[in-house]
Amino acid sequence: MRAVFHFDEERARNTPCRFLAVLCFSALCLSACYSQLQRLPGPLPPLKPPPEEPPVSAIEALVQRHSDPVWIRRPGALDDYPLPYYRKRERVTAGTIVRTGYGGRAELIWPGDASNVVLFDNGAVRITNPETDEVLVEFLSVSRCLLHLTPEDRVVLPGGSVLRGDSVHPSGPFLLEEFDFQYLRLTNQTKLSALLRYREAEVELVPGESVDLPRLGDTAPRSDHPASEELLGGRIRIVGRVQPSVGQGVVRLRATRPTEIFAQGIKVRLAPEEEVFLEELSSTGEFPTDDTPGKDS
């Protein structure tokens, strides 16, 4: 049996071309596939833990946005940032400035306290730290505002005058509004009295009473106000009213109204009927007589 092989010259001549064509096509396909490959990233870095919430003791107030615009400036910041519609509440600390524009409304709330400040339209306040014996808030500007105060609260109005609510019970609302661009009108809308210190004057606002305050450059209470008295040769300074007594080098002061006492490099705030004992201030037992203005009559 004999095998016969036929040689196709034309086919043999085209075989290298076909091989090269197939090789080029395969290379193009591999190149296309390589260009579409997605490289997997390397190992991800360890996730950072979320920032811890500030401790409750560091949270001085909550700002509630009721209507735009409302801006906040953090302590040490150079500019304000707006409080957007999707974040209506912001926690702030002492030193923060809260500002509202025309049409804006912002409410300041202190957790665990009945104090409350509501700003309307154009206004700005700086939040302070009452725990370090500062005032509750300091007004930088105001168009209209409502205040609810607790007995220990003090508020600095534009210019420096100081408002204090009832000395025993939470009181409010107090309405503060700009009047005729030259005055601030303060209205006591509560059933309790309030105390306003304006330069040399000390005004008691009874329920329903209003007072117009001229907008001067400086309306802060004067240090020589009769409510500020010095005892024992200036070693004790009292802002308020006390009933003093002394014995064997110990001075006992009982407050009959909200009082501040400055002595021995410290400042003490007393509510009515609270007492403080100061040692080593009087070794001779000498004390002011009954006609001394600092003593309660």
Side-chain angles (χ1 to χ4, degrees), residues 115 117 123-126 128 130 133-231 234 236-244 253 255-262 267-272 288 291-297:
S115 306
V117 177
V125 296
R126 184 177 68 89
T128 59
D133 209 19
E134 296 185 25
V135 296
L136 184 67
V137 293
E138 179 183 356
F139 280 87
L140 306 178
S141 62
V142 64
S143 290
R144 185 168 176 262
C145 178
L146 285 175
L147 302 164
H148 289 81
L149 306 177
T150 53
E152 66 274 9
D153 291 339
R154 293 181 302 155
V155 175
V156 176
L157 306 184
S161 54
V162 178
L163 172 67
R164 188 194 296 267
D166 186 76
S167 59
V168 179
H169 305 286
S171 53
F174 300 99
L175 175 62
L176 179 65
E177 55 187 343
E178 188 179 51
F179 175 69
D180 198 23
F181 300 102
Q182 298 180 358
Y183 299 91
L184 289 175
R185 175 167 292 175
L186 179 62
T187 304
N188 184 1
Q189 297 181 343
T190 184
K191 297 181 179 180
L192 302 171
S193 298
L195 184 66
L196 174 67
R197 298 186 61 195
Y198 182 94
R199 293 175 68 90
E200 293 82 5
E202 184 173 295
V203 181
E204 181 179 2
L205 285 176
V206 299
E209 187 177 12
S210 296
V211 59
D212 291 342
L213 309 175
R215 303 195 66 169
L216 305 177
D218 181 16
T219 61
R222 295 295 184 256
S223 59
D224 56 351
H225 191 273
S228 175
E229 299 296 336
E230 294 183 352
L231 304 178
I236 303 177
R237 187 165 67 89
I238 298 174
V239 179
R241 288 291 184 267
V242 296
Q243 289 181 347
L253 302 174
T256 60
R257 58 178 299 175
T259 301
E260 295 178 349
I261 298 175
F262 302 82
K267 179 179 179 181
V268 180
R269 298 175 65 181
L270 298 179
D291 57 352
T292 302
K295 184 176 179 179
D296 190 36
S297 56

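Since the structure is predicted, the reported quantities are computational estimates derived from the model, not experimental observations.
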Close side-chain approach of Phe262 to Ile236, heavy-atom, < 4.5 Å: no
Side chains of Leu163 and Phe139 in contact at under 4.5 Å (non-hydrogen atoms): no
side-chain contact (heavy atoms from CB on, under 4.5 Å) against Thr190, all qualifying residues, sequence neighbours excluded: Ser171, Phe174, Asn188, Leu192
Check: Arg199 and Leu216 side chains under 4.5 Å, non-hydrogen atoms: yes
Residues that Val211 engages under side-chain contact (heavy atoms from CB on, under 4.5 Å), provided they are two or more places apart: Leu186, Leu196, Leu205, Leu213
Salt-bridge contact Glu260-Arg154 (side-chain N to carboxylate O under 4.0 Å): yes
Salt bridge (Lys or Arg N to Asp or Glu O under 4.0 Å) contacts in which one or both residues fall within residues 206-216, not counting sequence neighbours: Glu178-Arg215, Arg185-Asp212
Any residue meeting side-chain contact (heavy atoms from CB on, under 4.5 Å) with Leu195, in chain and number order, not counting sequence neighbours: Glu202, Arg257
Ala271 versus Ala255, closest heavy-atom pair with distance: O-CB, 3.6 Å
All salt bridge (Lys or Arg N to Asp or Glu O under 4.0 Å) counterparts of Glu177, not counting sequence neighbours: none
Distance (rounded to the nearest 0.5 Å) between Tyr198 OH and Leu184 CG: 8.5 Å
Return a table of donor-acceptor pairs under 3.5 angstrom between the side chains of residues 140-151 and protein atoms on other chains or two or more places apart.
residue : atom : partner : partner atom : Å
Ser141  : OG   : Ala124  : N            : 3.4
Ser143  : OG   : Asn122  : O            : 2.8
Thr150  : OG1  : Ser115  : OG           : 3.4
Thr150  : OG1  : Glu152  : OE2          : 3.0
Thr150  : OG1  : Asp153  : OD1          : 3.1
Thr150  : OG1  : Asp153  : OD2          : 2.7

